[in-house]
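First the proteins, then the strands, lettered A, B, ... as listed; each starts at 1.
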Protein chains: 2
Amino acid sequence: MLIDTWQAWDAAGGGFEQCPIRNVLDRLGDKWSILIVMRLAIKPCRFSELHRQVPDISKRMLTLNLRNLTRDGMVLRTVYPTKPPSVEYSLTPLGRSILVPLGGLVQWADERFPEIRGNREQFDRQDAD
Amino acid sequence: MLIDTWQAWDAAGGGFEQCPIRNVLDRLGDKWSILIVMRLAIKPCRFSELHRQVPDISKRMLTLNLRNLTRDGMVLRTVYPTKPPSVEYSLTPLGRSILVPLGGLVQWADERFPEIRGNREQFDRQDAD
DNA sequence: CGGGATCCAGAACGATACTG
DNA sequence: CAGTATCGTTCTGGATCCCG
C-alpha cells in the first residue's frame, strides 16, 4: 500500500516531478531543512539566532532554505519594522504537522543506526579482502 | 523531544557526520533509494527487472543505490551462479522495518501536498509583483 | 545478464564581500 | 540585522562504452 501512491502517479502519467513523495523528500533530503524545522519546533527564532543555533550552516544556505520552507508554507516569516530590522521565523500549522511523521523516522533512525553502522563496517571489511 | 536527538549528538561532540538522523536522511534523500525500497517491498526482484520497473533510472544509479542499500543492510543481494548470472535483490528485516515510519511520511505527503502546491503558487505570484 | 570505468553537465553547497 | 551577489568547489546523476 506504500507503493500505491507512486504507482498511481505513474499510471496517471502526471510526471514524477508532480509526485507528492518526490516533492516532500526533495525538501527533507537537503542538508539543512530538517535542522531548521527542528530548531523552530522548539521556539520561534530570529535569523541570526537561527544562524548561531544551526551548526555550521552558512548565511546563504540559511536564507535559501528559509525561503523554500516559507514558500511551501511550512514556515512563517514575520518582519518587524524596527531599526535595524528584525525578522522572526516560526512554524505554521503545516510545518508543525510534519513533526509527527518526522518523529517516527527519527525514532527509527535512532534505534537502527547502530545496526546500520555495524553492517557498513562489516561490508567494508569484506570489500577490503 | 524531536530535536533532542540532534542536540545530544551536538553536545556529545560526536560530529554531525555520525548523527543517526543525518545518516538516514542522506540515504532517503537521494533520488532513488526510496523508490527501490518500495519496489522491493512488493516482491524480490532481479537487476534488470528493477531497471524496468523503476522509471527512468540509469543502470549506473541503480547499481550505486543497490550497493549502498546492501551496505547498510537494508537489502539482501543473492547471486545465483547460472549462466548468464542472475542476481536477486530483496529487503532484509531491517529494510522492511523502515516501511513503517516511511508509511507515515508518505501519508503526510499525500494529504498535505495539495496545500503545499497551493502555497507555492501563491508565493510565486506575490514574487512576480 | 549484471555490472564497472570514464567523462561530463548541472545542482548543491561554501566562502567572502557587500548592502539597506 | 538580515540578507544579496559573486565566485569557486564538491557532489550527484546521466550517457556511453567496456567486461566476464
Exercise. Could you tell me which residues satisfy side chain to side chain donor-acceptor pair (under 3.5 Å) with S97(B), sequence neighbours excluded, listed by chain and number?
Key: W108(A)

When you compare the protein's N or O atoms with those of nucleotides 1-5 of chain D, which come within less than 3.5 Å of each other, and at what distance?
residue: dC1(D); atom: O3'; partner: R46(A); partner atom: NH2; Å: 3.0
residue: dC1(D); atom: O3'; partner: P85(A); partner atom: O; Å: 3.3
residue: dA2(D); atom: OP1; partner: R46(A); partner atom: NE; Å: 2.9
residue: dA2(D); atom: OP1; partner: R46(A); partner atom: NH2; Å: 3.2
residue: dA2(D); atom: OP1; partner: V87(A); partner atom: N; Å: 3.0
residue: dA2(D); atom: OP2; partner: S48(A); partner atom: N; Å: 2.9
residue: dA2(D); atom: OP2; partner: S48(A); partner atom: OG; Å: 2.7
residue: dG3(D); atom: OP1; partner: R77(A); partner atom: NE; Å: 3.4
residue: dG3(D); atom: OP1; partner: R77(A); partner atom: NH2; Å: 2.4
residue: dG3(D); atom: OP2; partner: Y89(A); partner atom: OH; Å: 2.4
residue: dG3(D); atom: N7; partner: K59(A); partner atom: NZ; Å: 3.0
residue: dG3(D); atom: O6; partner: K59(A); partner atom: NZ; Å: 2.6

Self-check item: Those residues that, when tested against R120(B), pass salt bridge (Lys or Arg N to Asp or Glu O under 4.0 Å) (two or more places apart)
Solution: D72(A)

Under 3.5 Å, sequence neighbours excluded: what are the donor-acceptor pairs made by side chains of residues 43-52 of chain B?
residue: K43(B); atom: NZ; partner: E49(B); partner atom: OE2; Å: 2.9
residue: H51(B); atom: NE2; partner: I57(B); partner atom: O; Å: 3.1

Exercise. Determine to 10° how strongly the helix from dC1(C)-dG20(D) to dG20(C)-dC1(D) is bent, judged from the axes of its five-pair ends.
Key: 40°

Quiz prompt | Contacts of type side-chain contact (heavy atoms from CB on, under 4.5 Å), residue L76(A), not counting sequence neighbours | solution = T78(A), S90(A), T92(A)

Quiz prompt | Pairing residues for E115(A) by the side chain to side chain donor-acceptor pair (under 3.5 Å) criterion, not counting sequence neighbours | solution = R112(A)

Exercise. Could you pull out all residues at least two apart from Q122(B) that satisfy side-chain contact (heavy atoms from CB on, under 4.5 Å)?
Key: R125(B), Q126(B)

Exercise. State which residues pass salt bridge (Lys or Arg N to Asp or Glu O under 4.0 Å) with E88(A); sequence neighbours excluded, sorted by chain then number.
Key: none

Quiz item: For the pair made of CZ in R22(B) and C1' in dC11(D), what is the distance, rounded to whole Å?
Solution: 14 Å

Please list, one pair per line, the donor and acceptor atoms closer than 3.5 Å that link side chains of residues 58-66 of chain A to other protein atoms, with sequence neighbours excluded.
residue: S58(A); atom: OG; partner: M61(A); partner atom: N; Å: 3.2
residue: T63(A); atom: OG1; partner: K59(A); partner atom: O; Å: 2.9
residue: N65(A); atom: OD1; partner: S33(A); partner atom: OG; Å: 3.0
residue: N65(A); atom: ND2; partner: M61(A); partner atom: O; Å: 2.8

Quiz prompt | Pairwise side-chain contact, R71(A) with D124(B), heavy-atom cut-off 4.5 Å (strictly under) | solution = yes

Quiz item: Which residues satisfy the side chain to side chain donor-acceptor pair (under 3.5 Å) test with E111(A), sequence neighbours excluded?
Solution: Q107(A)

Quiz item: For DNA chain C, which nucleotides open and close the run of contacts to chain B, 5' to 3', at under 4.0 angstrom from a non-hydrogen atom?
Solution: dC1(C) to dT6(C)

